Asks: 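This is the structure I want to talk about, given as structure tokens.
So you know, we letter chains A, B, ... as the sequences are listed, proteins then strands, and number each from 1. The structure displayed is predicted, hence computed values, not measured ones.
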Amino acid sequence: MPELPEVETVRAGLAQHVIGARVEDVEILDSRSLKRYPPGPAAFTAELIGKTFQSVVRRGKFFWLPIADDLALSGHLGMSGQVLIRSAAAPADGQTRIVLHLKKPSGEPIEFRFIDQRIFGSLAVVDLVPTSDGGPGGYSPEASVSNTIPAEAAHIARDPLDPMFNLKSVVERLSSKNTEIKRAVLDQNLISGIGNIYADESLWRSRVHYATRASDLSKRKLRELVEVATEVLQEAVEQGGTSFDEQYKNVNGESGYFVQELAAYGQTGKPCPRCGGPIRRDSWANRGSHFCPRCQRKKS
DNA sequence: AAAAGTACCTGCGCGC
DNA sequence: TGCGCGCAGGTACTTT
């Protein structure tokens, strides 16, 4: 479940289930899901066993669970990752790569199952380093957040749901980019959390063509685009994210419903909800871009 | 240095 | 039915 709303849905679900839970055992079914953790499976297991989770934090599409002042279990879902919380007796889930066997404070055993079809996602135990701006590492409304972040996510910009997100500075930086606006919106170093779905939806709502040069857009238009993207992300979080198929679920295995609100992404050939013209898909940057050729004219 | 291209994976649906 | 191709929610690394 890969963009900010899906990762936030997972983060919130994890916070409900695993805060206070202790790691009893670890099963590595496919070590490729530890590819960002060079020490390997034995070290991963040794680091985690006996640790208790106190919070679940997210920045952009990265999430982490601190296990010490300077250490965290961190994860990224890539294109096809999921986390499911299951009872120990639940049937196996396909594509399960790593299982953390946890014990809740009540004594109830549960399983944290990391599932990932394409293995672009991964888990790791990583150092927490001070944030570059000295603020909290990320978003975690139900627990206090230290001013640290996993080293592997230190370069990720704050996302629009972060209390320290700075609209003005993001607009400034977008404005200076000599590249297509969609590339800039997808650049996690400028603004994090937005992927292909929410980029297309945000561009559609603000009537911007994906290939417009960022520097050709007015600051006012860029500000509108970022504000609209923030609304899109918030609405999608409220709907539990976007689920197209069996692959994208929350930690309880339930779908999100933002797919019903999509105006452009995946709507090729369907009428634009604004003007009625057909939505088009262009091949773009080794992926797709969905837009309304009538409402979203390329500037200059 | 910034921007653009490619590699990393599995599985599905499509046309032939 | 089988097979090759294009496609899928992302990131890090390499090249220009």
Asks: Assess the residue pair A/Glu235 and A/Glu261 against the criterion (side chain to side chain contact (heavy atoms under 4.5 Å, CB included)); give the C-alpha distance rounded to whole Å, side-chain angles, the decisive distance to 0.1 Å, and a yes or no.
Replies: CA-CA 9 Å; A/Glu235 287 172 29; A/Glu261 317 296 324; 5.6 Å; no
Asks: Can you sort out the partners of A/Tyr265 under ring pair (Phe, Tyr, Trp, His ring centres under 6.0 Å), two or more places apart, ordered by chain and number?
Replies: A/Phe244, A/His290
Asks: Testing the basics here: between A/Val208 and A/Lys221, what is the closest heavy-atom pair and its distance to 0.1 Å?
Replies: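 Smallest heavy-atom distance, with atoms named: CG2-CE, 3.7 Å.
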Asks: Between A/Arg59 (CZ) and C/dT11 (P), how many Å, whole number?
Replies: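 Interatomic distance, CZ of A/Arg59 to P of C/dT11: 14 Å.
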Asks: CZ of A/Arg287 versus C1' of C/dC7: gap in Å, rounded?
Replies: 12 Å
Asks: Minimum heavy-atom separation for A/Val23 and A/Phe53, please, with both atom names.
Replies: CG2-CZ, 3.7 Å
Asks: Looking only at atom P, what distance separates B/dC9 and C/dC13, rounded to whole Å?
Replies: 14 Å
Asks: Among residues 178-189 of chain A, which residues get a heavy atom nearer than 4.0 Å to DNA chain B?
Replies: A/Asn178, A/Thr179, A/Arg183
Asks: Please find the pair of heavy atoms, one from A/Thr230 and one from A/Pro160, that lie closest to each other, and give the distance.
Replies: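 Between these two residues, the closest heavy atoms are OG1-CB, 3.4 Å.
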Asks: So, A/Asp159 and A/Lys61, do they make that salt bridge, N to O below 4.0 Å?
Replies: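 Between A/Lys61 and A/Asp159 there is no salt bridge, as every charged N stays at least 4.0 Å from the carboxylate O atoms.
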Asks: Using whole Å, what does the distance between atom P of nucleotide C/dT11 and atom CG of A/Leu4 come to?
Replies: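 Interatomic distance, CG of A/Leu4 to P of C/dT11: 11 Å.
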Asks: Heavy atoms under 4.0 Å, any strand shown: does A/Phe244 hit a base, just sugar-phosphate, or nothing?
Replies: base
Asks: Have a look at A/Lys35 and say if it touches a base, only the backbone sugar-phosphate, or nothing, with a 4.0 Å heavy-atom cut-off.
Replies: nothing
Asks: Taking Watson-Crick and G-U wobble pairs with both distances under 3.5 Å, convert DNA chain C into its dot-bracket string, 5' to 3', dots for unpaired and | for cross-strand pairs.
Replies: .|||||||.|||||||
Asks: Using whole Å, what does the distance between atom P of nucleotide C/dT11 and atom CG of A/Asn196 come to?
Replies: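 Between P of C/dT11 and CG of A/Asn196: 11 Å.
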Asks: Answer whether the closest heavy-atom distance between the side chains of A/Trp64 and A/Arg59 falls below 4.5 Å.
Replies: yes
Asks: Heavy atoms only: give me the nearest A/Leu225-A/Val185 pair and the separation to one decimal.
Replies: CD2-CG2, 3.9 Å
Asks: Specify the separation, in whole Å, of atom CD of A/Glu6 and atom P of C/dA8.
Replies: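 To the nearest whole Å, that distance equals 16 Å.
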Asks: Taking atom P of C/dG10 as reference, at what distance in whole Å does atom CH2 of A/Trp284 sit?
Replies: 11 Å
Asks: What protein N or O atoms touch nucleotides 12-16 of chain C N or O atoms at under 3.5 angstrom, if any, and at what distances?
Replies:
residue : atom : partner  : partner atom : Å
C/dA12  : OP2  : A/His155 : NE2          : 3.3

Asks: For a quick test of reading the model: is some side-chain N or O of A/His76 closer than 4.0 Å to OP1 or OP2 of C/dG10?
Replies: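 Answer is no, no contact under 4.0 Å.
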Asks: Give a yes or no on whether the backbone of A/Gly195 and the side-chain of A/Glu3 come within a donor-acceptor separation of less than 3.5 Å.
Replies: yes
Asks: Identify the two heavy atoms, one from A/Arg294 and one from A/Gly277, that lie closest to each other, and give their separation to 0.1 Å.
Replies: NH2-CA, 3.4 Å
Asks: Reading DNA chain B in the 5' to 3' direction, which nucleotide is the first one with an atom under 4.0 Å from a heavy atom of chain A, and which is the last?
Replies: B/dA3 to B/dG11
Asks: Apply the side chain to side chain contact (heavy atoms under 4.5 Å, CB included) test between A/Val83 and each candidate in A/Val18, A/Ile115, A/Ile98, A/Leu77; give the one that qualifies.
Replies: A/Leu77
Asks: Flag the pair A/Glu227 and A/Arg205 as a salt bridge only when some basic side-chain nitrogen lies within less than 4.0 angstrom of an acidic carboxylate oxygen.
Replies: no
Asks: CD of A/Gln16 to CZ of A/Arg11: how many Å apart, nearest 0.5 Å?
Replies: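 One gets 10.0 Å once the value is rounded to the nearest 0.5 Å.
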Asks: Is the backbone N or O of A/Asn178 less than 3.5 Å from a side-chain atom of A/Arg213, with the two atoms forming a donor-acceptor pair by type?
Replies: yes
Asks: Do NZ/NE/NH1/NH2 and the carboxylate oxygens of A/Arg113 and A/Glu111 come within less than 4.0 Å?
Replies: yes
Asks: In terms of relative ring orientation, are A/Tyr37 and A/Phe44 parallel, tilted or perpendicular, with 30° and 60° separating the classes?
Replies: perpendicular
Asks: Would you jot down, in residue-number order, the residues of residues 116-133 of chain A having a non-hydrogen atom under 4.0 Å from DNA chain C?
Replies: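 Result for residues 116-133 of chain A: A/Arg118, A/Phe120, sorted by number.
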